[in-house]
Structures are given as structure tokens and as C-alpha cells.
*Asks:* 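Below is one structure. I have some questions about it.
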Amino acid sequence: MVEKLPGSRDFYDRIIRCNNCGFCEAACPIFKATRRSALNARGKMIILQDILADRQAICDELIETLFQCTFCSGCTTQCPAGVNVPEILRAVRKDMVNIGTCHAAFKGMDQVLDKHPNIYAAGERERFGRKVNQKAEIVFFMGCVGQYREEDAVEAALDVMDHLRVDYTLIEEVCCSGVLEDIGFAIHDDLVRKNVALVRSTGAKALVTGCPYCLRTFKHRAPYQPLRDLGLELLHISQFLTQFDFPVQTHLKVTYHDPCDLARHAGIYEAPRQTIKKIAPNFVELPNRRANSLCCGAGGGVRGAYPRNSLSMARQRLKEVEEVGADILLTECHSCVHNLSNARLRRQKFEIYTTSQFIRRLLEGQALVAANKAP
Amino acid sequence: MNSRIIEFLKATVGAAQVTNELIDLISHSTDASGFRHRPEVVVYATTTEQVSAILKMVHEERIPLTPRGAGTNVSGEAVPIKGGIVLDLSRMDQILEISLEDRVVVVQPGVIYADLNHQLAPLGFAFPPDPSSGKVATLGGNVATNAGGVRASKYGVTKDYVRGLQVVLPGGQVMRTGTRTMKSSSGFNLTQLFVGSEGTLGVITEITLKIAPKPTETYTAMATFQRLVDAGRAVSQIMRSGAVPSVLEIVEKNCIKAINQNTDLNLPEVEAVLLTETDGFVKEEALFQMNKIIETLRANGALEVRWAETAAEAEALWSARKSSYPVISRLNNTTFGEDITVPLSKVPDMLKALEELGAKYDLILPTVGHLGDGNMHPHFSYDRTNPDEVQRVKKAEKELYHKTIELGGTLSGEHGIGLAKAPFMSLEHDPVAMETMRALKKMFDPHNVLNPGKMNLEACHG
Ligand SMILES: Cc1cc2nc3c(=O)[nH]c(=O)nc-3n(C[C@H](O)[C@H](O)[C@H](O)COP(=O)(O)OP(=O)(O)OC[C@H]3O[C@@H](n4cnc5c(N)ncnc54)[C@H](O)[C@@H]3O)c2cc1C
Ligand code: SF4
Ligand code: SF4
């Protein structure tokens, strides 16, 4: 076998283990949205097998599929042969970047983080009028999407924590840069150092975040070992909220979208449901849920690099919300809430929130658009 | 492929449905088999008229064309071995009609098996064949391969449900076969000629399928056997007793061992486990059949018989069978599931032959089987980077086919012939039968443009 992909050597055996059965089509959001089998996990694996067998050279034409994957791992849950496609792609992309074959948008992301502390190259920092870099029990980590695209979701989480009288602080956080490892680059050490130092100086016992991707990065990526060495608890807001009761309930029909990063990747299925069921007795599940959840299409840099397909994926997920007739769609990821909200069609009358946003609305007693449906 | 042809295709189906981008050519170069050959262009058709125009063109221009559904077949049936065009029908995916009164559905070929049943389930109906690839395989592919599943002994296979077809022939003529009635004695049974024809005779663009009410009650049981022959005999006795299992599956010792090594299911280390299910619309019906089966299992040396009444208990019993394919596929970098089928009475002989074959060629052959219909899936699990092992697998495979035919069996119960088993066609079919198949192929497809190179139909085309 030719050493075409030197950095991916550990994965050769796994690449050839793909028996091309195609079962991954049942879960691949990109395939389902486009019906283009080249974009499915199998399509990607056939290419890699051809490269290893010397039937195909690495070239720019392969970028379209090898760099178009939401890293949702839907394929992995379906795969009888145990092939972990995202893990393989992560290694392959590094090799491709090394030989100069890379998606321009992803190269751009790496360059942005060379110069800016956040992925959107935004100048202004949002502080939400909260304390920053102070001593506190808890650090709340906002994440780039939360800070610059879904500010209201962050603010809602902070409002709910205020309501619960939680002692927390924000920090002058910088991008966790975890996504760079997915798109062929590496986590930026200077950003890691900055985040770790800021967290350390708060003396916090726990770090809570609304971004499941940041959480995964902190918990599992090697460069963040120093953060883990601080010994503080790393929690998603949905886990944090399970310890509390809320004096509110809704009669509306509520459903929940399992974000890939929280559900399949971190195994957190129950925590969000526990809180949602307390405030929404009329809770219904989506047809594809938990480990079989269908990706919203935002992950892996796809929203930026392939916006059309990203929206189509979100639309296909929203169809399921229509199918169950829910009034409210809740989810626990800023990227999901962002992509799903952007994709909602005018005729789709349900509303989309994070659980914290919904709790805050209930707490504020705000009239919901669909409230007249309540008994 | 010359640009005139590409332009014609774009004008016929729309530019967005024609691609010769490298990634599409690669993804259409193979199916779930190990065979590979790239097409020159991939076309997604969405109407019968488009298919007709394309088949007229390829017939006139002598361009090879391979129809494709989801590409899940395991024998190279959808591999464009002569290049040319792959006609992908997966976007022709509308359910056109569900008629409970007539007990039929009319569908386009690209509808995914599971999507049809998802629509039928709330109505209490199903299209029963249930191939385990049903979440992704298309109904067109099911018809073209005559797909089956674990409930075939009671509910039959795809061919038992196909009432009528719309087929486009090379040359572009559109033909309707069959009816939407439950029976018909009118003329040749052209419909069945296309069932299992693997895209070599025509392209199926519409399918009328019989549907069946879905039983609501089931009982599931699992029995263990210390000796393989006892399990085989128990199966024969169940079939003799007149009992009607809806499922009768075997998981044999190599498979059990692999499952125990790779999961925490902790199955008893016996030579064979039989899994059986009975069903009906009232509990009594399913129970009556199950009692009869359990009696026979006990009388034939079953060590332990466990049975389930609730769905959760049944799930636990199914876990051994359901985990077998994922476990087998992870044993090595290459897995090939055979699909031989023998007369029910020869099941014990076949099981014994498999054991001998494994020993002779130093291979493990984990096997599961739909014993209610004599269909067995021994799996060759090997390292395809090891030439010696590949050679041993090839020899063992050849011997397996010879043994199967010797026992009065068939090369394929449900997967089809394609490229993988093409060289063995004349082992099973006598010269007259082979000539008849080739003559039919020549009649429908005189220029051999439709899925050429498959099923050993080539000889007549020189
Ligand atoms: C893990 C695994 C498990 C499987 N389990 C089963 C099982 O339990 N039972 C079973 O029967 N099979 C099984 N299969 C095999 C396969 O899924 C079936 O053969 C299935 O019916 C193929 O459907 P497809 O849409 O993928 O067709 P494809 O693989 O795309 O095509 C199969 C053949 O049909 C032809 N074809 C497709 N559509 C048309 C059309 N519209 N008109 C004319 N010809 C057409 C193609 O040219 C080709 O010759 C399994 C496969 C895998 C990988
Ligand atoms: S990770 Fe998700 S998007 Fe990527 S190939 Fe797998 S199923 Fe498709
Ligand atoms: S499900 Fe797994 S083995 Fe099958 S094609 Fe997809 S990645 Fe390959």
C-alpha cells in the first residue's frame, strides 16, 4: 500500500474495513439532504480506499466531499463494521492540508484565529453587563457562536443563573479553537494558554458552558490537559440545570433536538430531557432522537463552507418537528439553535429556543405566539 | 464520453442531474461488493420519459448503461464494469399511491424500503420482505434482486408481492407488465422475468406491490443446542410438524464465539442457537404455533429454551442474531457474506459441510441462516492484504458452490449473481437454461448495452 496519507497511517486498517455497505446513508444528513452518494460517509471511504490502493491521487476535486462533513457521527452509529468516519477524516484532512489541498474557507478560519481571539474576527467583546474575570464558584464559558451569533441564548442562560442566584463570572475568553482539529489544522496553543490562565484566576470549582463543542474540546482534546489539571468540574448548562426546579410550566407541545456534540459525542441524553419534562409535561420526542438524532447541518465548518447544504440539512430536521406537531423546539447547542432558526420557513409556526431561553420566557410570563393553542 | 452525449443527457434530465465530477464517478464505481470500475458519467433520472429517452440513445449509440438504486448489493450487480453511464434511480422516489382497498401500493423505484413501511405502519399494513439493508436499499433494487429477509419462510420474498411493473427497454420502449389485481392468468408472466433480472433486461420505473396487514402479536423463543446436528434436526422436525414460524434463524458456534469475544452478551458456548418467532392477529394464534415449536425443540435435544412475551424480553433474545453481522464485520478487514440456499432437509448436511470447509482451508466461517427457508449466510472473514489467505478463500468459495449445487441448492437465495457469482452460473443452470437466458437477454437488449458483463449472459453477444 502506498504511503499517500502518511499522517493517517494509524487509520489504514480502519479505512479498508469499510465494506461499502452503505448503511451510513440512513443517518448521513448530507446524503439525506442531497441524495448525492459521493457526499455520504461511504462515498468518502471509497475515495480513501482508492487513494490507498493507488487508484487515485489526492487532488483538489476531492475537497468537495472530504471537507464536507458535519462530524455528526450519524454514520458511526449505523456502521456495522465499526468505522469511525469523522475520526478518519480528521487525520486525512491534516495530511491534505500538509500537501496544500484544503478548502479555502477552512484555511481562512485558521488564519482568522492567528490574528483574532474569536472565529468571527469580531472586534467588540460582549459582556452582557455581567462580571468578568472575577473570583466566583463558576466560570460561564460563552463560546464564539454564543457570544457573536446567538447572544440571546447566552444572555438567557445568565438570566436563569441569576434567577437561581448562582455565583458565576464570565472571563475574557478566546476561541477554544477545537474546530481547527476537525478541519485539518491544530488547536492554537496561545488560545489554550489564555483560556486556562483566565479560568485558573477565577478560582472556580466548575466551568459551565452552553456550547457542547467547547465542552468536548475542554474535556477530550490533548492541548486542554492543563485545564483538566485544574481539577474543576466541566459541565454543560443542561447538566447544571438538572439540580434545580423552576416554578413554571407550559401546556404547549414541546420537542427536543439532540445536538450531535451533546448527545452522540458526549452521551448526554437525559439531562436536558429531565429539565424539559419538568416544565413541559406535554413533551414529545422527534422520530430520530438520542443516538439516532439527525444532525442540524451546522457542524464541522459546513455552515460556513457549504451554506446551502447546511440549510437543507436543517430544513430536513425541521420537517420532523412539523411531523410531530410541536409548538416549541428546544435544543441545547448554540450552533443548532442558530442553524435551525435560520432554516425555519415562514409557514412553520413553531418556535426554536435553547432550554434556558424557554425557561426565561416562561419565568417572564411572556405571551408565547402559540399560547392560544394551550387548553 | 463525448460532449455530444453529455449535452444530450443534460438536455434530457437537466444539467443538475448529470455529473462527471470525479467524486461522483468514484462513488458510483462500486457497490457493497469488492468490484470496482468507474463510469464516465452519472445521470439521475426522475421520470419514465427521461429513462426512455436515455435508453433509446444508449441503444443507438451502443453505450453501456448500468441502473443503480442504493448500491447495497454485495455481488457487483451495480458496478459499471464496462464504464459508460450509471443511471441512478434513487431520486425517483415518490410513493404514487397507497390503496388499502386494492391492497396494493404503486411506487417509483427509488423509494427506500423502510420509507414505504414507515408510511404503511400507521395503517396497519406492511410490504413484508424486510431485507436487513431495508433502511437504505431501494424498492427498485429489491425487485431487481428479488430481495428477501428473515420472515421469508412465512411471508415470501419480493417476487411474491410484485403485481405489475412499468419497464423501459433498451431502445426506449415503455412496457407495462402485470396488473393491480390479486391474480391473473393472462399471458406470459413478464413481470416475474424482471424480478431478479439485476438490471440486465430493462429499467424498472414503476412498481405495483401487494401489501399485507401487519400481525400485531408475536412470541419469540431462543433454544440452545450442544450439537449442530440436533439443531438441524429440530429445524427439519419443526417444518415437518406443520408449525408455521415467522422466523427461524440459526447462529452457529463460530458466530457465537465471535459475539462473546466482542460483546458482553455472554451467550452460552454451544454449537448452535436457534431463534424463532411466531405471529398472528390474536395472542392465541401466535401462542398455538409457538407451543408447537417449543415442543419440537425440546423433543430434539434443545438444552435450554427461553421465551419472551414482552417486546423488551424479545429484544434480548434477538440480540444474538442482530449483533452477529456487526460482530462478523469487525473480525477482519474483509467480510464476504455468502448466500447459498439448500432444500430444507439438507440444512444439516450443509452445516456439516461448512464446518469441514473451514477446517480444510484454515478459515473461520461464522454463519447465520434463515433456516425456515434453507438460506444460509456463511461469512468469509479474512485479511485481503494477505494473498495466501485470499487464495484459500477463493478455493473454499468455489468448493462451497459445488457442494451447494450437489445438495440440490442454489448459489443465491436473495442477493443475486452480479459479477461475483457469474462464473458459477453454469454450475447451477443447465446449458439449455443458460442458452434460454442468453436468448432472452439478446431479445431485450440486442446490443448488450444494459448492465453488460453480469450473470454470465455475455456468450451470445460474442
Ligand atoms: C449488510 C447488508 C445486508 C443485506 N441484507 C440483505 C437481506 O437481508 N436480504 C436481501 O435480499 N438482500 C440483502 N442485502 C443486499 C441488497 O441490500 C439487496 O440486494 C437490495 O435489494 C439492493 O437494493 P439497492 O437499491 O441497493 O440496489 P443496487 O445495489 O443499487 O442494485 C442492485 C441491482 O438492481 C439493479 N437495479 C436497481 N434499480 C433498478 C431499477 N430501477 N431497474 C432495473 N434494475 C435496477 C442494479 O442494476 C443492480 O443490478 C444486503 C446488503 C448488505 C450490504
Ligand atoms: S459524520 Fe455525519 S455528515 Fe459526516 S459522513 Fe458521517 S453521517 Fe455524514
Ligand atoms: S456503514 Fe460503515 S462499512 Fe458501511 S459503508 Fe458506511 S462507513 Fe462503510
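In this text the structure is predicted, and so the values were computed from the model without any measurement.
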*Asks:* Quick check: closest heavy atoms across Gly74(A) and Ala27(A), and the distance to 0.1 Å?
*Replies:*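 Closest pair (atom of Gly74(A), atom of Ala27(A), distance): O-CB, 3.5 Å.
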*Asks:* Is Lys319(A) salt-bridged to Glu322(A), going by a charged N under 4.0 Å from an acidic O?
*Replies:*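 So Lys319(A) does not pair with Glu322(A) through a salt bridge.
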*Asks:* Among Thr335(B), Val42(B), Asp93(B), Asn332(B), which residue has the highest count of heavy-atom pairs closer than 4.5 Å to chain A?
*Replies:*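 So the answer, after comparing Thr335(B), Val42(B), Asp93(B), Asn332(B), is Asn332(B).
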*Asks:* How far apart are the C-alpha atoms of Thr19(B) and Asp24(B), what are their side-chain angles, what is the distance that settles it, and do they pass the side-chain hydrogen bond (donor to acceptor under 3.5 Å, both in side chains) test?
*Replies:* CA-CA 7 Å; Thr19(B) 169; Asp24(B) 297 307; 2.6 Å; yes
*Asks:* Tyr256(A) ring centre to Arg289(A) NZ or CZ under 6.0 Å, with the angle to the axis within 45°?
*Replies:*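 The answer is no; the distance or angle limit is not met.
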*Asks:* Which is it for Asp88(B) and Ser90(B) under the side-chain hydrogen bond (donor to acceptor under 3.5 Å, both in side chains) test, yes or no, and what are the steps along the way?
*Replies:* CA-CA 6 Å; Asp88(B) 190 320; Ser90(B) 64; 2.7 Å; yes
*Asks:* Of the non-hydrogen atoms in Ala81(A) and Asn19(A), which two are nearest, and what is the gap between them?
*Replies:*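 Residues Ala81(A) and Asn19(A), closest heavy atoms: CB-ND2, 4.3 Å.
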*Asks:* Please look at Asp31(B) and chain A and tell me whether the side chain, the backbone, both or neither of the residue comes under 4.5 angstrom of a heavy atom of that chain.
*Replies:*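 Only the backbone of Asp31(B) comes within 4.5 Å of chain A.
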*Asks:* Can you say whether the rings of Phe106(A) and Phe67(A) are parallel (under 30°), tilted (30 to 60°) or perpendicular (over 60°)?
*Replies:*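 Phe106(A) vs Phe67(A) ring planes: tilted.
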*Asks:* Could you have a look at Gln78(A), Glu64(A), Met45(A), Arg36(A) and say which one has the most heavy-atom pairs with chain B under 4.5 angstrom?
*Replies:*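 Most heavy-atom pairs under 4.5 Å with chain B: Arg36(A).
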*Asks:* Using non-hydrogen atoms only, which part of Phe336(B) is less than 4.5 Å away from chain A: side chain, backbone, both, or neither?
*Replies:*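 For Phe336(B), there is no contact with chain A at all, as no heavy atom is under 4.5 Å.
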*Asks:* Heavy-atom distances under 4.5 Å only: say whether Cys79(A) touches chain B with side chain, backbone, both or neither.
*Replies:*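 Contact with chain B involves the backbone of Cys79(A) alone.
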*Asks:* Less than 4.5 Å to any heavy atom of chain A: does that hold for the side chain of Ile112(B), its backbone, both, or neither?
*Replies:*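 Side chain only.
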*Asks:* Using heavy-atom distances under 4.5 Å, tell me whether Arg14(A) contacts chain B through its side chain, its backbone, both, or neither.
*Replies:*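 Looking at Arg14(A), nothing touches chain B.
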*Asks:* So what's closer than 4.5 Å to chain A heavy atoms on Ser29(B): side chain, backbone, both or neither?
*Replies:*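 Contact with chain A is through the side chain of Ser29(B) alone.
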*Asks:* So which of Ile15(A), Ile47(A), Asn20(A), Thr65(A) has the largest heavy-atom pair count under 4.5 angstrom toward chain B?
*Replies:*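 Heavy-atom pairs under 4.5 Å are most numerous for Asn20(A).
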*Asks:* Between Lys253(A) and Asp327(A), is there a side-chain N and carboxylate O pair less than 4.0 Å apart?
*Replies:*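 No, no charged N to carboxylate O under 4.0 Å.
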*Asks:* Under a 4.5 Å cutoff for heavy-atom pairs, which residue among Glu21(B), Arg36(B), Lys135(B) has the most contacts with chain A?
*Replies:*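 The residue among Glu21(B), Arg36(B), Lys135(B) with the greatest pair count is Arg36(B).
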*Asks:* Based on non-hydrogen pairs under 4.5 Å, which of Gly110(B), Ala114(B), Gly71(B) is most in contact with chain A?
*Replies:*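 Among the listed options, the one with the most contacts to chain A is Gly71(B).
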*Asks:* Non-hydrogen atoms of chain A under 4.5 Å away: do they reach the side chain of Thr334(B), the backbone, both or neither?
*Replies:*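 Contact with chain A is absent: no heavy atom of Thr334(B) under 4.5 Å.
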